[in-house]
Amino acid sequence: MRSVLRQFVLSRDAGSDPDEVLRLHGSAFAVSDGTRSITLRRLWLDTFDWRLYRSGLTLEQISSRGETHLLLTGRDGTVVAAEQVRRAGHDAAGGRVTWPARLDALPLGPLRDHLGPVVGVRALLPVARAVSTVHDRRVLNSDEKTIAKLTVDSMSVTYPAAGDVAPRLTVTALRGYQTQALRMIDLLAAAPGVADGGSQSALEAALAAAGRRPGDYSSKINVRLAPRMPAAVAMAAVLTALFDTLETNVNGTVRDWDTEFLHDLRIAVRRTRSALKLAGDVLPGDLADRFAAEFRWLGDLTTPTRDLDVYLLGYQGMADGLIAATADELEPFHEHLRRSRVSAQRALVRGLRSARFTRLASEWPEALAAAAASRARPTVARLAAARIARAHRRVIRDGSAISPASPPESLHDLRKRCKELRYLLEFFASLYDPAEHWQAVRELKALQDCLGEFQDTQVQREEIRAFAAQMMEERAAPAATLLAMGEIAAGLAARQRQARVEFAGRFRDFASRPSQNRIKALARAAA
Amino acid sequence: MKIFAMYNIKGGVGKTATAVNLGYLAARDGYRVLLWDLDPQAATSFLFRVRPRVKGGGKALIRGTRTIDDAIKATDFDQLDLLPADFTYRNLDLVLDAAKKPVRRLGSLLAPLSAEYDVIFLDCPPGISLLSESVLQAADTLLVPLIPTTLSVRTLDQLTEFVGDLDGSRPSILAFFSMIDRRKRLHREILEQLPAQRDDVASAAIPALSLIEQMSVERAPVTAFAPRSAAARRYEELWLEARKRSGLPPPPPEGTW
């Protein structure tokens, strides 16, 4: 039972050898001879979008003397869960894990249970790698009783870039000896070459030495626009940020580490296409027209795999929800989805490695760089105000025309209008007061969720019919499977009907006077 | 959580040496262990270099004005903590007498520690007193060191009878021979006869060895400073037997919390 009291950073200058620093001359405390140092190979893992880091968790794989442990710790370094993945001489039950890995590659146990809700469907990827040489010392009081442990960690970072970290000294007090340990810490803090280490974790120190910082990826559009910026410059900045997100996700998509790389990539494509459509006219020349077709191609390329991912991710839920049929009867459908995804993924990878994509990836940023030099009017504030107002008017107009008798296509079209408004609000978010912006987006989001449910269930119903036809053709569909698939289609139909019932209320909220005023005020505010 | 009490009506029979060594071995096996030095002579506290002092004394602990948690000290060994002795423990009988349900008091003080510890060892002072009654009520197993003499065997009989007469929960008894001197004929005879007559006498036995006395110089369990010695091996055997008889589940495997 120990608690970390303080962390110090030891200077790497000559004369500040940790051993020297620890000799606390003139005090009642003595430092015992250290045990032999041990070398740890350390690998930190997180999802691509830093889900563990954002939740205050750190996952580390530590290898030493032929043994490998996975350790999940909280913000203050307390162990939340741990698992031995390799024992000296032989592999542990779960075998060795090769990273990147999805959660199901980890052995069942408390560690996996803790990670599940945070990591979700994302894979765990190496975020930093280092080698640590760790020395332990004990601090004794005048009774020669150990009161605290000193751990000096000298770490060399090898990934994401090579770098050295100044030796870090951690003081851990033994239970019941906190007061004495604090006195000793005061002496230590006054020693030359010893600086306060704050609360920086080993991972943060390793990343800093490699020139990175944790949490540096998010799929959100993170562009700071100034209201008086020329619109072309602002749009080029937004599109550049979107393309960065797109490109960052290509590797994970091609390697198929998890489904969210493709999802984020697709969203970046969709946002790009909307930006070109809704505000591409402010870009110089025929830039928007030239590239619109390319992004459309890219969007279409990614659709089959994503559609199958949606099915596969929701498969367990569908199987669990069967009432008349059994999960076993549905299994051939599962197999069909898996096989279809393999070939869809192959086609996707071919596309992302094609000359067409390579050309797009080199020409598009160049074109945007040229556009960023534009000084033409209007300002981005005026552009944002005009385009948001127009998109909002269209949503109100199209939504008001929908009655219970309207065909499904009218709701589908309204969904597209809503998406356009949403993307505009996101592109220009940095121009607005965050609280008002959040409120406006929140009301829109509620409407979008309802329309999304309506449309997605519609598409999935159509797809399940197509799957059934295909499986019949391939003679891969026993009657029981088709019946089970029919039950799923019926479930989708019920959900779609429910969404249609809810639509009127959601739209009424969105079209209410206060809600409309909020968006109008937002549009005016920037202008 | 299992509570073992080192107990004998007689003194100087090796209770402290047993508590210290079994405590160390249990911690080494991966159990989270607390050792409570209940003897005001404070030999266990001395062996672990912990000052025999509890703020507020025994009175504060028994009355609950200070939590046990505050008084616990880590030893130099991982997973082995100590609740030190205090000179005021000599008056624990009086304090207990003033408490409600005195014989249940120790048990109710220890119960909340079950989240933190797997095993508790109580190193008790000799004698039959209110404190010993409270210990007998709290413990799951009494570990009774016996010097192989006729009188010692008589005290074991007395103790067995006393435990049999207790109301409520009764601990199981595991006696074991301690401080054996094989040069003495009486020791050899009793050592052969008694285990055949009684099933509460362990087959493991601790000889009188100078290395065990050396503990007070080294100020550490012999199982820690001379783990391969004959003395350490005897304690290992005793711990194994005590663990099995008590039904203590295996410690959590390394690497799981």
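In what follows, chains carry the letters A, B, and so on, assigned in the order in which the sequence lines appear, proteins first and then strands, with residues in each chain numbered from 1.
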If you draw a 6.0 Å radius around [atom1] in [X], do more than 12 non-hydrogen atoms from other residues or ligands fall strictly inside?
| X | atom1 | answer |
| --- | --- | --- |
| A/Arg54 | CZ | yes |
| B/Arg63 | CZ | no |
| B/Arg104 | CZ | no |
| B/Glu133 | CD | yes |
| B/Arg51 | CZ | no |
| B/Lys59 | NZ | no |

In Å and rounded to the nearest 0.5 Å, what is the [atom1] to [atom2] distance from [X] to [Y]?
| X | Y | atom1 | atom2 | value |
| --- | --- | --- | --- | --- |
| B/Phe77 | A/Thr146 | CZ | OG1 | 8.5 Å |
| B/Glu116 | A/Arg175 | CD | CZ | 4.5 Å |
| A/Ser142 | B/Arg49 | OG | CZ | 11.5 Å |
| A/Glu144 | B/Arg219 | CD | CZ | 8.0 Å |

Item to complete: Would you indicate whether the side-chain heavy atoms of A/Arg138 and B/Asp76 approach each other to under 4.5 Å?
Response: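 They are in side-chain contact.
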Worksheet item: Is it the backbone or the side chain of B/Asp69 that comes under 4.5 Å from a heavy atom of chain A, or both, or neither?
Response: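 For B/Asp69, heavy atoms of backbone and side chain both lie under 4.5 Å from chain A.
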Fill in: Row check, A/Tyr177 ring normal vs B/Lys73 NZ/CZ: under 6.0 Å, within 45°
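Because its charged atom sits under 6.0 Å from the ring centre and within 45° of the axis, B/Lys73 does stack over A/Tyr177.
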